[in-house]
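Down below is the structure, laid out as structure tokens.
When a ligand or atom number is given, it counts from 1 through the structure's own listing order. Just so it is clear, the values below take in all heavy atoms, side chains as well, and ignore hydrogens, waters and symmetry mates.
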Amino acid sequence: MVGAGPAGLTVGNILRAAGADCLVLETETRECVEHRPRAGVVEEWAVRGLERRGLARTLLERAQTHTECEFRFAGERYRFAYTGLTGHHHFIYPQQFLVTDLLREYADVRGGEIRFGVRDVRLHGLDSGRPSVSYVCPESGERRVVTADFVAGCDGARGVTRASLPPGRVRLARHDYGVGWLALLAEAPPSADCVVFGMHPRGFAGHMARSPEVTRYYLQCPPGDDPANWPHTRVWAELRERLGAAGAPPLTEGRLIEKRVLDMHSYVVEPMAFGRLFLAGDAAHLTAPIAAKGLNLALHDAFLLGDGLVAFLTGDDSGLSGYSAACLRRAWDYQEFSQWLAEVYHGTASGDAYRAGASLARLRRLFDSPVAAAEFAERYLGVRTTG
Ligand code: RFL
């Protein structure tokens, strides 16, 4: 496995549970990967998938559950109780906690091998039966070569494994949303008991609990904006304005411990496999954090890849041969949902009266039509409630 994020560590844990030899290569330190805040909304099916593989004990003890979200627009609050429509809920668990749990289980309990701080990772012989991965050892500075049966490319959006796919054999589909999001982490308790989406003529704003002490906020901004343009007072004034609605509790302010601008874009690589290389997670597809889907997709891929590799050991190659198509079905479904939701978020502030009107119509339908509400709930949770 190249990469010790949620995807690589989940594949590693599944392999170790089956007694397979494996190695995880990671460019960062253990300290870094255990403290890197990112996602926090985990879909119920993903938690059940972790649980079935013995990987959710701490999460189930510590995670909060969410059953509703709230939309704020035109000065009003609209609660959306999705659990009542589907019987399913979300878990709120910071990604760095999940990575810490997966790492402990892989390295300290299941005896998996892992090298941190590796440099200049390169892939070789992917279309041979014995591919290899080489890297520069951080201690000796020497290049080491590891030969394997399979390579899992789990090195995220900025990794090297995707670039090892031969250009003529893969297609990269990319979508730019044309907006930026200022991603913030505040040392402050959540100011609402659920995720809040604010659609405002000044731009989208979001509120997402991470833990009782830390809350993630988002503010739409121009792409490429400089976080330095967003001092503490401007951030909180803008959040108050965009998330303001009749009867809404005041926001609890806190020190901003992360502040960075994300240029909102998505991509999908097809197919997700070439020879003995299988991509998983953000290495294969990025979903802008519009619908909180990226971590969930990474886990979906990892379950299929881990199970497919284990089945291969017993002579069944159906999991691996169907891997790419099975992952891409969910990846595209989530991409399309993100695109739909992006227009709801950004239409109001687009400066285009037609887009603004149409995005408000989308929102109102969720509260006027039980069919539209049920469809949204299913997609937001990543479940199918019928069929
Ligand atoms: P990761 O987590 O990026 O892990 C990849 C690992 O590979 C390492 N690496 C390399 N290792 C070896 N050799 C190389 N050449 C390497 N290059 C990189 C990296 O150091 C890293 O440890 O990918 P993975 O496992 O695919 O997991 C994907 C998720 O991390 C990602 O999709 C989510 O964080 C996206 N996301 C969210 N997803 C959700 O489902 N719900 C959310 O609420 C949510 N919020 C978010 C998010 C992503 C965000 N950022 C990073 C844009 C909020 C934010 C701000």
Considering only the protein, which heavy-atom contact is closest to atom 5 (C) of ligand 1, and what is its distance?
Cys154 O, 3.4 Å

Here the atoms of ligand 1 under 4.0 Å from any heavy atom belonging to Tyr218 are 45 (N), 47 (C), 53 (C), 54 (C), 55 (C)

Per-residue contact class, Tyr334 against ligand 1 - non-hydrogen pairs under 4.0 Å:
neither

Closest approach of any protein heavy atom to atom 34 (O) of ligand 1, naming residue and atom
Gln95 OE1, 2.7 Å

Backbone or side chain, does any N or O of Val33 fall under 3.5 Å from an N or O of ligand 1?
no

Examine the side chains of Arg115 and Tyr135 and answer whether a donor and an acceptor come within less than 3.5 Å of each other.
yes

What part of Leu297 sits under 4.0 Å from ligand 1 if we count only heavy atoms: the side chain, the backbone, both or neither?
neither

Do Phe204 and Tyr218 have their ring centres less than 6.0 Å from each other?
no

Could you name the option among Ala39, Gly8, Gly117 that has the heavy atom nearest to atom 44 (C) of ligand 1?
Ala39

Answer yes or no on whether Arg48 is positioned over the face of Trp45, meaning its NZ or CZ is under 6.0 Å from the six-membered ring centre and within 45° of the axis.
no

Residue Val41 vicinity, atoms of ligand 1 by number, heavy atom under 4.0 Å
40 (O), 41 (N), 43 (O)

Considering heavy atoms of the protein only, find what lies nearest to atom 38 (N) of ligand 1 and give residue, atom and distance to 0.1 Å.
Leu295 N, 3.0 Å

If we set the cut-off at 4.0 Å for heavy atoms, which region of Asp282 has an atom near ligand 1: side chain, backbone, both, or neither?
both

Both conditions, 6.0 Å and 45 degrees, for the charged tip of Arg72 above the ring of Tyr78: are they met here?
no

Taking only residues two or more places apart in sequence or in another chain, which ones pass ring-ring contact (aromatic ring centres under 6.0 Å, His included) with His90?
Tyr82, Tyr380

Are Arg276 and Phe150 in a cation-pi contact, defined as NZ or CZ under 6.0 Å from the six-membered ring centre and within 45° of the axis?
yes

Do me a favour and list the nearest non-hydrogen protein atom to atom 10 (C) of ligand 1 with residue, atom name and distance?
Thr27 OG1, 3.4 Å

Validate the cation-pi geometry between Arg365 and Trp340: distance from NZ or CZ to the six-membered ring centre under 6.0 Å, angle to the ring axis within 45°.
no

In ligand 1, the atoms that come under 4.0 Å of a heavy atom of Arg36 are 19 (C), 20 (O), 21 (C), 22 (O)

At under 4.0 Å between heavy atoms, what of Cys32 touches ligand 1? The answer is neither

Starting from atom 24 (P) of ligand 1, which protein heavy atom do you reach first, and at what distance in Å?
Pro6 CD, 4.0 Å

Which one holds for Arg210 and ligand 1: side chain close, backbone close, both close, or neither close, with close meaning a heavy atom under 4.0 Å?
side chain

Verify whether the ring centers belonging to Tyr217 and Trp236 lie closer than 6.0 Å.
yes

Ligand 1 contacted by Met208 (non-hydrogen, < 4.0 Å)
no

Under 4.0 Å, counting heavy atoms only: does His90 come that close to any atom of ligand 1?
no

